[in-house]
Amino acid sequence: MGAEDFTPGLNFIRNIIENDIKAKKNDGRVHTRFPPEPNGYLHIGHAKSICLNFGLAAEYKGLCNLRFDDTNPGKEDVEYVDSIMADVRWLGFDWGDRLYYASDYFEKLYEYALHLIRTGKAYVCALSADQIREYRGTLTEPGQDSPCRERPVTESLDFFQRMRAGEFPDGSYVLRAKIDMASPNLNMRDPVLYRIRRESHHRTGDRWLIYPMYDYTHPISDALEGITHSLCTLEFEDHRPFYDWVLDNLPVPCHPQQIEFARLNLNYTVMSKRKLLELVDKALVRGWDDPRLPTIAGLRRRGYTPESIRAFAESVGVAKRESMVDMALLEHCLRQDLNKRARRVMAVLRPLKVVISNYPEHQVEELEAENNPEDPGAGTRKLPFAREIYIEQDDFREDPPKKFFRLSPGKEIRLKHAYYIRCDEVVKDAKGRVIELRCTYDPESRGGWTKDGRKVLGTSHWVSATHAVDVEVRLYDKLLSVPDPANEKEEKDFKEYLNPNSLEILKGCKVEPGLSEAKPGQYFQFLRQGYFCIDPDSTASIPVFNRSVTLRDSWAKIEKSQQDK
RNA sequence: UGGGGUGUGGCCAAGCGGUAAGGCAUCGGCCUUUGGAGCCGAGAUUCGGAGGUUCGAAUCCUCCCGCCCCAGCCA
């Protein structure tokens with residue numbers, strides 16, 4: 001509830017599905033699949049596809065398969081299949097017993113290839129990769145037929161079997177579909193179906209020496225699994241005629257419909273596998289799960305919830321137009337989710353000591369504090385209050401600007417859940433930096449109220465100096481310093497636009513005592529600052545917190561507009 | 001210059017011939033023991049442009065313009 005408590009929007013895919021159901025197409029069944037290639041970690045863009053495929057299936061009481069498109073052994077690895085399964089599960093989706101691999105179909109794919117050869121729809125070609133490219137023609141000129149195009153069926157059959165048997169070296173022959181070398185669609189100019197590759201496959205080992213291409217494998221895999229709606233991204237639009245050609249020319253069980261939608265783009269970050277890999281390889285980030293990355297693993301570590309990511313995926317919609325979604329929307333989805341469930345706690349990130357001079361020297365009181373104003377069921381906790389406390393450095397200004405409601409000399413503020421304090425004296429070090437404040441408190445204001453109804457403008461969070469626990473806090477900011485490097489006048493490498501301040505590490509932060517027991521998987525709101533979670537780098541002595549997202553900060557806006565003037 | 005797509009407020013996105021949903025962001029206001037949250041309100045005389053059809057068009061037709069994708073034995 002909460003984050004996903006709204007009706008799903010309309011989109012063109014839902015329209016197609018609903019029309020299909022009305023028309024009783026596929027007996028009214030909806031069966032989708034999420035088909036990643038296990039050659040990298042999943043990111044938020046994949047999450048969109050996962051939510052779409054699994055979400056649509058659930059919505060129409062259908063099924064969604066998880067299928068690994070593992071037809072290119074050189075790039076793939078079990079490390080990736082494991083991480084992909086973990087990420088899909090974490091996002092909250094269940095493929096039941098429908099876990100498939102394209103490599104499971106290698107034998108059938110081979111049989112189907114034989115069928116194409118026998119029916120004169122495919123032939124073994126001896127042209128080299130370079131020659132094939134030359135023969136393919138260009139965008140504006142038609143291609144030329146391969147000299148092998150009219151190779152007799154029996155001969156292609158024989159050659160193809162010998163390709164499988166390992167009689168030929170890598171790259172010497174390929175199997176090609178026989179379609180139309182003059183087609184305006186390059187994908188129809190006798191596309192390659194099989195290539196010879198002496199490469200060990202992460203599942204089939206060395207059993208195969210020939211591997212089918214994606215364009216040939218995908219439609220057949222879909223058909224074998226009884227997929228009804230095969231959703232993929234826009235760049236495959238040009239491949240659809242071939243998808244249909246394969247299914248039209250083979251005795252497959254059904255003919256799924258390929259539907260293309262625009263992939264997700266998010267500003268201030270990178271989403272391409274190549275770039276993510278480069279950041280990881282060059283140690284520009286701390287790994288695939290670096291909280292600055294838009295990978296699922298990174299978002300998880302950052303403190304994003306599966307619910308917030310699902311809400312985001314629903315919220316961005318599905319359409320065919322290329323778009324760039326604002327990071328602010330993702331952040332909004334997290335805040336909206338966490339606002340309802342995150343326990344409020346007090347943490348002082350940049351401590352400034354405050355001595356309450358009229359508070360009895362060794363006295364300690366227990367003050368009651370609510371855990372979440374949005375959820376009375378979350379209960380309350382006790383907070384120790386004593387003579388020496390810490391407040392946030394930002395909550396004090398010796399020379400306050402207009403509209404600054406926080407502490408300054410002679411001014412009074414409320415300490416959340418505690419007392420009103422007034423600043424009497426500012427203590428500075430030799431360099432003139434403020435290192436301590438001497439304040440007096442109003443004993444009548446216990447709990448944060450006074451009988452005289454006097455109002456204080458500001459409320460600060462605080463922590464008892466003697467009871468606070470020391471922690472490390474990691475603050476994250478945008479990965480890139482510009483929304484979209486591709487839009488910059490000068491064309492530079494994307495790494496030139498990495499935000500140098502994307503990570504700020506704060507040590508010696510002071511948090512309320514209860515937080516020493518914080519566990520991974522728990523979400524907190526550090527009052528007035530943002531949402532935080534425990535990082536796996538935490539040790540028994542020093543907990544490490546990640547800032548998942550800041551709170552909206554209207555003071556920051558006021559301050560900025562004052563500066564702009 | 002071949003083919004395939006796509007153009008609705010700053011960012012997304014509904015709309016499918018009957019007179020521009022919604023979300024994010026922004027700006028006001030209310031409220032508040034988080035300058036949080038919440039609540040209320042504001043903003044496209046207009047849907048890439050120009051023509052046309054129609055009583056009526058973002059929706060239909062024509063032409064033009066912009067942007068994206070395609071010449072891997074990658075997916």
Side-chain angles (χ1 to χ4, degrees), chain A residues 6-7 9-11 15 35-37 39 69-72 74-76 125 127-129 132-134 136-143 170-176 183-189 191-197 211 213-215 217-218 232-241 260 262 267 273 314-333 335-336 339-340 344 346 369-370 373-374 403-406 414-418 420 445 447-449 456-461 483 525-530 550-559:
Chain A
F6 54 83
T7 49
L10 263 20
N11 64 52
N15 287 341
E37 182 187 15
N39 69 344
D69 239 323
D70 54 350
T71 56
N72 189 8
K75 292 187 174 175
E76 298 154 6
C125 181
L127 254 29
S128 70
I132 286 182
R133 192 182 325 115
E134 283 160 26
R136 185 155 32 226
T138 68
L139 293 177
T140 51
E141 297 158 324
D170 287 13
S172 56
Y173 291 100
V174 291
L175 183 70
R176 291 229 256 167
S183 170
N185 181 344
L186 296 258
N187 295 110
M188 299 299 269
R189 321 244 262 227
V192 170
L193 268 23
Y194 271 88
R195 70 286 213 189
I196 304 173
R197 280 269 168 96
Y211 290 96
M213 300 287 288
Y214 162 87
D215 278 327
T217 307
H218 209 83
C232 62
T233 43
L234 249 31
E235 65 269 28
F236 291 103
E237 268 176 323
D238 289 337
H239 297 232
R240 191 170 63 229
E260 310 85 9
N267 59 16
K273 249 172 206 175
E314 181 59 50
S315 176
V316 295
V318 185
K320 296 198 71 151
R321 94 178 68 143
E322 308 269 359
S323 62
M324 177 72 72
V325 173
D326 194 335
M327 187 60 90
L329 180 59
L330 215 209
E331 297 184 337
H332 163 81
C333 291
R335 287 191 194 103
Q336 182 169 284
N339 177 47
K340 291 286 195 296
R344 269 60 170 175
M346 294 204 281
E370 62 188 348
E374 299 290 319
K403 291 191 181 172
F404 184 82
F405 299 160
R406 282 111 95 141
R414 169 169 40 233
L415 295 176
K416 179 79 176 174
H417 305 305
Y420 291 0
S445 64
W449 296 109
V456 291
L457 259 24
T459 300
S460 284
H461 57 278
Q525 184 192 98
F526 286 7
L527 227 58
R528 304 205 296 138
Q529 314 204 70
T550 61
L551 253 27
R552 294 186 66 204
D553 186 349
S554 48
W555 164 243
K557 275 181 200 164
I558 294 169
E559 197 175 31

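Naming: A, B, ... by sequence-line order, numbering from 1 per chain. Hydrogens, waters and symmetry mates play no part in the numbers below; they use all other heavy atoms, side chains included.
Taking atom P on both nucleotides, U26(B) is separated from G10(B) by 15 Å, rounded to a whole Å. For the C1' atom pair drawn from A57(B) and C16(B), the interatomic distance equals 12 Å after rounding to whole Å. Atom name C1', nucleotides C60(B) and G15(B): the rounded distance is 15 Å, in whole Å. The separation of G43(B) from G23(B), taken at their P atoms, amounts to 15 Å, rounded to a whole angstrom. Taking atom C1' in both C47(B) and A13(B), one finds a spacing of 13 Å when rounded to whole Å. Spacing of P atoms, C61(B) relative to G17(B), comes out at 12 Å, to the nearest Å.
The distance from the CD1 atom of Ile132(A) to the CZ atom of Arg176(A) is 4.5 Å, given to the nearest 0.5 Å.
Rounded to whole Å, the distance from CG on Leu457(A) to P on U32(B) is 13 Å. One atom, NE2 of His461(A), and another, P of U34(B), lie 14 Å apart when rounded to the nearest Å.
The shortest distance between side-chain heavy atoms of Arg335(A) and Thr550(A) falls below 4.5 Å. No side-chain heavy atom of Pro483(A) sits under 4.5 Å from any side-chain heavy atom of Met327(A). Proximity of Pro241(A) to Asn185(A): side-chain heavy atoms (C-beta onward) are separated by under 4.5 Å at one or more points. Side-chain contact between Arg528(A) and Lys416(A) is absent, with no heavy-atom pair separated by less than 4.5 Å. Counting only heavy atoms from C-beta outward, the side chains of Ser172(A) and Ile196(A) approach each other to under 4.5 Å.
Shown here for Ile558(A) and Lys403(A), the closest heavy-atom pair between the two residues is CG2-CD, 4.1 Å. Listed here is the closest heavy atom pair of Arg136(A) and Leu186(A): CG-CD1, 4.1 Å. Arg414(A) approaches Tyr420(A) most closely through the heavy-atom pair NH1-OH, 3.4 Å. Scanning all heavy atoms of the two residues, the minimum distance from Tyr211(A) to Arg197(A) falls at CE1-O, 3.4 Å.
A close approach under 4.0 Å does not occur between any side-chain nitrogen or oxygen of Arg240(A) and OP1 or OP2 of C69(B).
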Sugar-phosphate or base contact per nucleotide [nucleotides 9-18 of chain B; S, B, -; heavy atom under 4.0 Å]: --SSBSSB--
Counting primed atoms, P, OP1 and OP2 as sugar-phosphate and everything else as base, the B/S/- map of nucleotides 70-75 of chain B against protein heavy atoms under 4.0 Å is BBSBBB
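For Asp326(A), the side chain to side chain contact (heavy atoms under 4.5 Å, CB included) test picks out Asn267(A), Ala328(A), with sequence neighbours left out. Remark: His239(A) engages Phe236(A) in a ring pair (Phe, Tyr, Trp, His ring centres under 6.0 Å) (not counting sequence neighbours).
At a threshold of 4.0 angstrom between heavy atoms, the contacts of Glu141(A) with the nucleic acid are absent. Residue contacts for Lys557(A): at a heavy-atom cut-off of 4.0 Å it reaches the sugar-phosphate backbone alone, with no base atom in range. At a threshold of 4.0 angstrom between heavy atoms, the contacts of Arg406(A) include nucleobase atoms, whether or not backbone atoms are also involved. Using a 4.0 Å heavy-atom criterion, one finds that His417(A) contacts the bases of the nucleic acid, with or without backbone contacts as well. Across all strands, Phe526(A) comes closer than 4.0 Å to no nucleic acid atom at all (heavy-atom distances).
We find that Arg344(A) and Glu370(A) are not joined by a salt bridge, their nearest charged nitrogen and carboxylate oxygen being 4.0 Å or further apart. Salt bridge status for Lys75(A) with Glu37(A): absent, with no side-chain N to carboxylate O gap under 4.0 Å.
Classified by its glycosidic torsion, G29(B) falls in the anti category, the angle being over 90° from 0.
Not a single donor-acceptor contact under 3.5 angstrom links the side-chain atoms of Glu314(A) to the base of G23(B). Evaluation of atom-type donor-acceptor distances gives a pair under 3.5 Å for the side chain of Gln525(A) against the base of U34(B).
Secondary-structure stems of RNA chain B, taken as three or more successive Watson-Crick or G-U wobble pairs (i with j, i+1 with j-1) under a 3.5 Å distance threshold, comprise B:2-7 with B:65-70, B:10-12 with B:22-24, B:26-30 with B:38-42, B:48-52 with B:60-64.
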Output one line per pair: protein atom, nucleotide atom from nucleotides 64-67 of chain B, and distance, for all N/O pairs under 3.5 Å.
none

